[in-house]
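Heavy-atom basis, side chains included; hydrogens, waters and symmetry copies ignored.
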Amino acid sequence: MLTLHIGNKNYSSWSMRPWVLMSQAGIPFEEVMLRFDSFEPASRFKRAATALSPSATVPVLVDDALVVWDTLAIAEYLAERFPDKGLWPQAVADRARARSVCAQMHSGFGALREHFPMNIEAHLPAVGARVLREQPAVVEDLARLQSLWEGLLARHDGPLLFDGFSIADAFFAPVVMRLHTYAVPVSARVQAYMAAVLALPGVLRWRREALAEHDFRPFEEPYREGPDPA
């Protein structure tokens, strides 16, 4: 049995990617939650993460004696371990494009990540509007993201980025959650893509469990002093 070590579902965008990928693809795994208490070296989270992998971060996938960390490495390992699941698109050119957009998401869109941290439980439209007024780098990231998605959706006629669910959709699922939380205005085609991602059973389950955590972490909350009223 595979074991996936993750952080809080409400906040951990990196953990969401392989969790949704495995859940949506029907790959059995056990989940171990490393609760975010702090990211300081002496914190319980950091000590547990350091014991798992050299990265001292989550997610971490454990397969018997093998430990795989970093979301791209985990995705590639799963694609090789479960070739029948079709985690990458079938066509060579599409696989290359899918790997390219995943790598772009993995290392890019820094302004969007910084100013729109993932927070599934929150609803922050006023913050979203203010960030778009004050942060031109976020506007540039958003334009680049929409152009990327729209090009792929036009090429494959939607509703997902390639012919069916793939690693690429799992990689962008946390971004969909961010755009939803901050009520970021997007094109009609992107709205349809976001709706398709939000309707995926794996995403629905992650979101439901994130909402059930009720675990407000102040150091993950740049825009709120407490959880929203029930």
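No chain of hydrophobic side-chain contacts below 4.5 Å, direct or via other Ile, Leu, Val, Met, Phe, Trp or Tyr residues, connects W14 to M118. In the hydrophobic clustering of ILVMFWY residues, with side-chain heavy atoms under 4.5 Å counting as a link, M1 and W19 come out apart. In terms of hydrophobic clustering, with Ile, Leu, Val, Met, Phe, Trp and Tyr side chains grouped at heavy-atom distances under 4.5 Å, L152 and V92 are assigned to different clusters. Linking Ile, Leu, Val, Met, Phe, Trp and Tyr residues whenever their side-chain heavy atoms come within less than 4.5 Å leaves I6 and L204 in two separate clusters.
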Open item on the list: Checking H180 against R207 for the side-chain hydrogen bond (donor to acceptor under 3.5 Å, both in side chains) test, could you report, in this order, the C-alpha distance in whole Å, the side-chain angles of both residues, the deciding distance, and whether it holds?
Closed with: CA-CA 12 Å; H180 181 76; R207 188 180 182 193; 3.0 Å; yes
- Task: Test L2 against L78 for side-chain contact (heavy atoms from CB on, under 4.5 Å), laying out the working first.
- Result: CA-CA 10 Å; L2 299 172; L78 292 170; 4.0 Å; yes
Show your reasoning for whether side-chain contact (heavy atoms from CB on, under 4.5 Å) applies to K85 and M22. CA-CA 10 Å; K85 298 296 185 180; M22 297 170 77; over 6 Å; no
| query | Between L142 and L132, does a side-chain contact (heavy atoms from CB on, under 4.5 Å) hold up when you go through it step by step? | reply | CA-CA 9 Å; L142 181 61; L132 293 177; 4.3 Å; yes
Exercise. Start with the C-alpha gap between Q90 and D163, add the side-chain angles, then the distance that decides, and say whether side-chain contact (heavy atoms from CB on, under 4.5 Å) holds.
Key: CA-CA 9 Å; Q90 185 174 4; D163 292 332; over 6 Å; no
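Residue A173 comes nearest to V203 through the heavy atom pair CB-CG2, 4.3 Å, listed as atom of the first residue, atom of the second, then distance. Annotation for C102 and A168: closest pair SG-CA, 3.6 Å, computed over non-hydrogen atoms. The two residues P18 and P59 make their nearest non-hydrogen contact at CG-CG, 3.6 Å. Contact detail for A212 and H214: the closest heavy-atom pair is O-CD2, 3.2 Å. The two residues A111 and V138 have their closest heavy-atom pair at O-CG2, 3.6 Å.
Judged by distance alone, with hydrogens and angles left aside, the side-chain atoms of Y193 form no donor-acceptor pair with the main-chain N or O of V176 at under 3.5 Å. Using modelled atom types, no side-chain atom of R17 and backbone atom of A170 make a donor-acceptor pair closer than 3.5 Å. No donor-acceptor distance shorter than 3.5 angstrom exists from the side chain of S13 to the backbone of P174, with no hydrogens or angles considered. A distance-only check finds a donor-acceptor pair linking the side chain of D141 to the backbone of L112 [under 3.5 Å].
Between E221 and R217, none of the side-chain N atoms (NZ, or NE/NH1/NH2) sits under 4.0 Å from a carboxylate O, so this pair counts as no salt bridge. Using a 4.0 Å cut-off between a side-chain N of Lys or Arg and a carboxylate O of Asp or Glu, R224 and E121 qualify as a salt bridge. At a threshold of 4.0 Å, the pair E31-K9 counts as salt-bridged, since one of the basic side-chain nitrogens sits closer than that to a carboxylate oxygen.
Contact check for S187 versus Q146: side-chain heavy atoms found under the 4.5 Å cut-off. Within the 4.5 Å cutoff, side-chain heavy atoms of L66 are placed close to those of Y77. Side-chain atoms of F171 and L21, non-hydrogen and from C-beta on, never get closer than 4.5 Å to each other. For the pair F162/R97, a side-chain contact is recorded, criterion being any heavy-atom separation below 4.5 Å from C-beta on. With a 4.5 Å cut-off on side-chain heavy atoms, L145 and L179 count as touching. You'll find the side chain of W88 stays beyond 4.5 Å of the side chain of D94, heavy atoms only. Under the 4.5 Å side-chain criterion, counting only non-hydrogen atoms from C-beta, I120 is in contact with W206. Residues D63 and V68 have side chains not in contact (no heavy-atom distance under 4.5 Å, counting atoms from C-beta outward).
In this structure, CD in Q24 is found 11.5 Å from CZ in R205, a value given to the nearest 0.5 Å. The CE atom of M16 lies 14.0 Å from the CG atom of N8; values are rounded to the nearest 0.5 Å. The structure places CG of L61 at 6.0 Å from CG of L4, a figure rounded to the nearest 0.5 Å. Expressed to the nearest 0.5 Å, how far CG of L200 lies from OG of S23 amounts to 11.0 Å. The distance from the CZ atom of R81 to the CG atom of L87 is 12.0 Å, given to the nearest 0.5 Å. Summarising the geometry, atom NE2 belonging to H5 is positioned 9.5 Å from atom OG belonging to S53; distances are rounded to the nearest 0.5 Å.
Judged purely by distance below 3.5 Å, without hydrogens or angles, the side chains of N10 and N119 pair a donor atom with an acceptor atom. Using modelled atom types and a 3.5 Å distance limit, the side chains of D70 and H106 yield a donor-acceptor pair.
When the shell of 6.0 Å around CD of Q191 is examined, it contains more than 12 heavy atoms from other residues, nucleotides or ligands. Atom CD of E134 has more than 12 heavy atoms from other residues, nucleotides or ligands within 6.0 Å. Counting non-hydrogen atoms of neighbouring residues, nucleotides and ligands closer than 6.0 angstrom, the CZ atom of R130 exceeds 12 such neighbours.
Between F109 and F172, the angle of the ring planes goes over 60°, which puts this pair in the perpendicular group of the 30/60° scheme.
Other cluster members for F36: Y11, V32, L34, F39, F45, L52, V58, V60, V62, V67, W69, F216, F219, joined by side-chain heavy-atom distances under 4.5 Å among Ile, Leu, Val, Met, Phe, Trp and Tyr.
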